[in-house]
There are 2 protein chains.
Amino acid sequence: MATELEGTILSEIYHGADTAFRVRRAFELSPYSEWSGSSGAVYPAINRMVSAGYIVARETGEPRRTKKLSLTPLGQAAMMTWASDAVRAVAIGIDPFILRASLWQAMDEEKWRPLRAALEAALQQSNQTLEAYAQQANPAERPGVELAQKHNALRAKWLVNRGRPGPSEEG
Amino acid sequence: MATELEGTILSEIYHGADTAFRVRRAFELSPYSEWSGSSGAVYPAINRMVSAGYIVARETGEPRRTKKLSLTPLGQAAMMTWASDAVRAVAIGIDPFILRASLWQAMDEEKWRPLRAALEAALQQSNQTLEAYAQQANPAERPGVELAQKHNALRAKWLVNRGRPGPSEEG
DNA sequence: CCGAACATGTAACCTGTTACATGATTAC
DNA sequence: GTAATCATGTAACAGGTTACATGTTCGG
């Protein structure tokens, strides 16, 4: 399993997305900005994995030329290998919040105040989107969504004093 | 500012990396798996930003042909615009932990137990790396590192019952 | 009947990775 | 002297985005 996208596609198929289009739509509806769900990424990735023997694409013969996707045993094994990669699972990828944090440190109060307000608003907005998503998503996704919300809460807490131990806050 | 890499490069220069090589080394030493710090990404990105008028590359005339980098006022403004993008700052990018979480849900206890142990070990390892990094890094980076550690702690807590409300745990 | 949603795909482009190429300086 | 580090860059490649191309089905 080369890329995160490929692993995630297998996971989507496993969770019930039975056509490439539905895999794409799942990415589009996802509250994470993972991937755009662009056809230029999804179709080639699926076709790569069909060639690799991970996915079977059964043509239905319908004029809409939908292909029904399913995982082969090999594909399921590859998916589980991907899911079990602890080092990769734990990696802190490109965190745009942390990437900017050192610059926020350097700001004076006058510049920081409105930005902090904007960040807090954006975090709230993010949590609402997450909440709305959880309502209608596959139950298996909920624990992940809750983790994302807690991550947002952590960031919000951080904003209180830009991560510096303040006079009144701790922990 | 098109990419996160470009914004981060400006930030590195702002924080004292005065040559392209030092920007690269900062990425290599970074505990986040951000970018590899590959010369094939960093040099072109810096040269793009020199062309854009964000960075001045002053040739020193030394035989080692080091170029001293500094931010122009335009570059500083671009950096701050990048840093002030609240929506992007708050985005949950490609979180490999959350991406895998729905698959962990589906595992039976027999499979889950060793994986959970591996994940906990990886999280501890990550926190140690983070700790070692914080010791010698620019003080401005510390609050970001601490946030990453708390993020790891959140993940570790999640692992206790795979995010499901257990009989003995809560919150 | 017409627009939205379903459905698959390609082409140009951008950016990042790996590997290569070159050479100077420093520490042992 | 030689290995590690400093220093800059390019070329081939891989993977994702945007925009385009094409056609079907369903709801109003």
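So you know, we letter chains A, B, ... as the sequences are listed, proteins then strands, and number each from 1. Given the structure is predicted, the values throughout are model-derived calculations rather than measurements.
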>> With a 3.5 Å cut-off and heavy atoms only, can you find an N or O donor on one side and an acceptor on the other between the side chain of A:Arg65 and the base of C:dA7?
In response: yes
> Given C:dA24, C:dA7, C:dT15, which nucleotide is nearest the side-chain atoms of B:Arg64?
Replying inline: C:dA24
> Which of these nucleotides, C:dG9, D:dT8, D:dT25, is closest to any side-chain atom of B:Phe21?
Replying inline: D:dT8
> Do the side-chain N and O atoms of B:Gln124 and B:Glu120 include a donor-acceptor pair separated by under 3.5 angstrom?
Replying inline: no
> Looking only at atom types and distance, does a side-chain atom of A:Arg162 sit under 3.5 Å from a main-chain N or O of A:Met107, one as donor and one as acceptor?
Replying inline: yes
> For the side chain of B:Trp35, counting heavy atoms from C-beta on, which of D:dG16, C:dT17, D:dC26 is nearest?
Replying inline: C:dT17
> Can you tell which of C:dG9, C:dA7, C:dC6 lies closest to the side chain of A:Lys67?
Replying inline: C:dG9
> Quick one: which of D:dG9, C:dG9, D:dG16 gets closest to the side chain of A:Ser39?
Replying inline: C:dG9
>> At 4.0 Å (heavy atoms only), tell me whether A:Ser38 reaches a base, stays on the sugar-phosphate, or touches nothing.
In response: base
> For D:dA14, does either OP1 or OP2 sit under 4.0 Å from a side-chain N or O belonging to A:Arg48?
Replying inline: no
>> Starting the side chain at C-beta, find the nucleotide from D:dG15, C:dG16, C:dT8 nearest to A:Ala20.
In response: C:dT8
>> Categorize A:Arg24 for me: base, sugar-phosphate, or nothing, with a 4.0 angstrom heavy-atom threshold over every strand shown.
In response: base
> Which nucleotide sits closest to the side chain of A:Thr3: D:dG23, D:dG16, D:dA7?
Replying inline: D:dG16
> Nearest heavy-atom pair of B:Pro31 and B:Thr129: which atoms, and what distance?
Replying inline: CB-CG2, 4.3 Å
> Just checking A:Thr66: base, sugar-phosphate only, or nothing, at a heavy-atom cut-off of under 4.0 Å?
Replying inline: sugar-phosphate
> Hey, does A:Ala41 reach any base, or is it just sugar-phosphate, or nothing, if we go heavy atoms under 4.0 Å?
Replying inline: base
>> Looking at B:Thr19 and B:Lys68, would you say the former's side chain and the latter's main chain have a donor-acceptor pair under 3.5 Å?
In response: no
